[in-house]
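Scroll down for the structure; my scribbles are underneath it.
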Amino acid sequence: MRTETRHYSHWYLFSLRGVILILLGVYAVTLPNNPVINFLKIFELFTVLSGMLLIQNALLNRKYANWQFVLFNGLLDLSFGIILWLIPSLDITDLKIVLAIWFLYSGLIQMVDSLILIHDNIKNWWFGLISGMLSFILAFVIIAKVLRVEMEAKNFWFIGIFALILGIFLTITPFFLREPKKEY
């Protein structure tokens, strides 16, 4: 007997994270007057929303192998956003370090999660691997710029472009999670 079920019944919650990151990227590319404070507030909002979406998705999809991993990612994002909210007086160097840390752990989680998807027979698991690698690359570029003290507030367009690209990947990748999974 052969039946087909959806891999994730609430796959669209992952896509919402990507849409929010795209909006953050657009904002970073077109920053208004006070880029550090405005970008920090938007990034706080993104991490809190991202964390809540991931936690909700994990709890709704507890029957799948990686739900604990998604829950852990959501708790990290939510904690990150709350910590940023509690420390409102970050300067531009601190903000770059915070962004680098977030892109590092986010990239690592995306790469490991994509490898878990191989176990679930998702054909396009590599899409998540690429988005994780993009996060890693951006983190290392930010770290290199912090160490060389080259990145100024006006250079947030660079982070914005990477956020746009990553947001596109995070928006598209969940569509593969809705592929029918064949069971025999």
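Just so it is clear, the values below take in all heavy atoms, side chains as well, and ignore hydrogens, waters and symmetry mates. It should be emphasised that the depicted structure is a prediction, and the values quoted were computed from it without experimental measurement.
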| Exceeds 12 heavy-atom contacts within 6.0 angstrom, atom OH of Y105 | yes
| query | Are the side chains of L164 and V26 in touch, meaning some heavy atoms are under 4.5 Å apart? | reply | yes
| CA sep, side-chain torsions, deciding dist, call: F46, L23, side chain to side chain contact (heavy atoms under 4.5 Å, CB included) | CA-CA 9 Å; F46 165 73; L23 294 174; over 6 Å; no
| note | Taking every heavy atom of F80 against every heavy atom of I101, the minimum-distance pair comes out as CE1-CG2, 4.1 Å
| said: Would you say that L53 contacts I20 through its side chain, given a criterion of any heavy-atom pair below 4.5 Å between the two side chains? | reply: yes
| said: Measuring only between side-chain heavy atoms, which start at C-beta, is F103 closer than 4.5 Å to I137? | reply: no
| query | What are the two closest heavy atoms between F69 and I109, and how far apart are they? | reply | CE2-O, 3.3 Å
| Evaluation steps, side chain to side chain contact (heavy atoms under 4.5 Å, CB included), between N61 and V70 | CA-CA 9 Å; N61 290 299; V70 174; over 6 Å; no
| Which heavy-atom pair separates S135 from L166 by the least distance, and what is that distance? | OG-CD2, 3.2 Å
| T47 side chain reached by L78 side chain, heavy atoms, under 4.5 Å | no
| task | Answer yes if the side chains of D77 and W102 hold a donor-acceptor pair under 3.5 Å, and no otherwise. | result | yes
| L54 and L71: side chain to side chain contact (heavy atoms under 4.5 Å, CB included), yes or no, with the steps? | CA-CA 6 Å; L54 287 169; L71 180 64; over 6 Å; no
| field | Check: S106/Q110 side-chain N/O donor and acceptor closer than 3.5 Å | value | yes
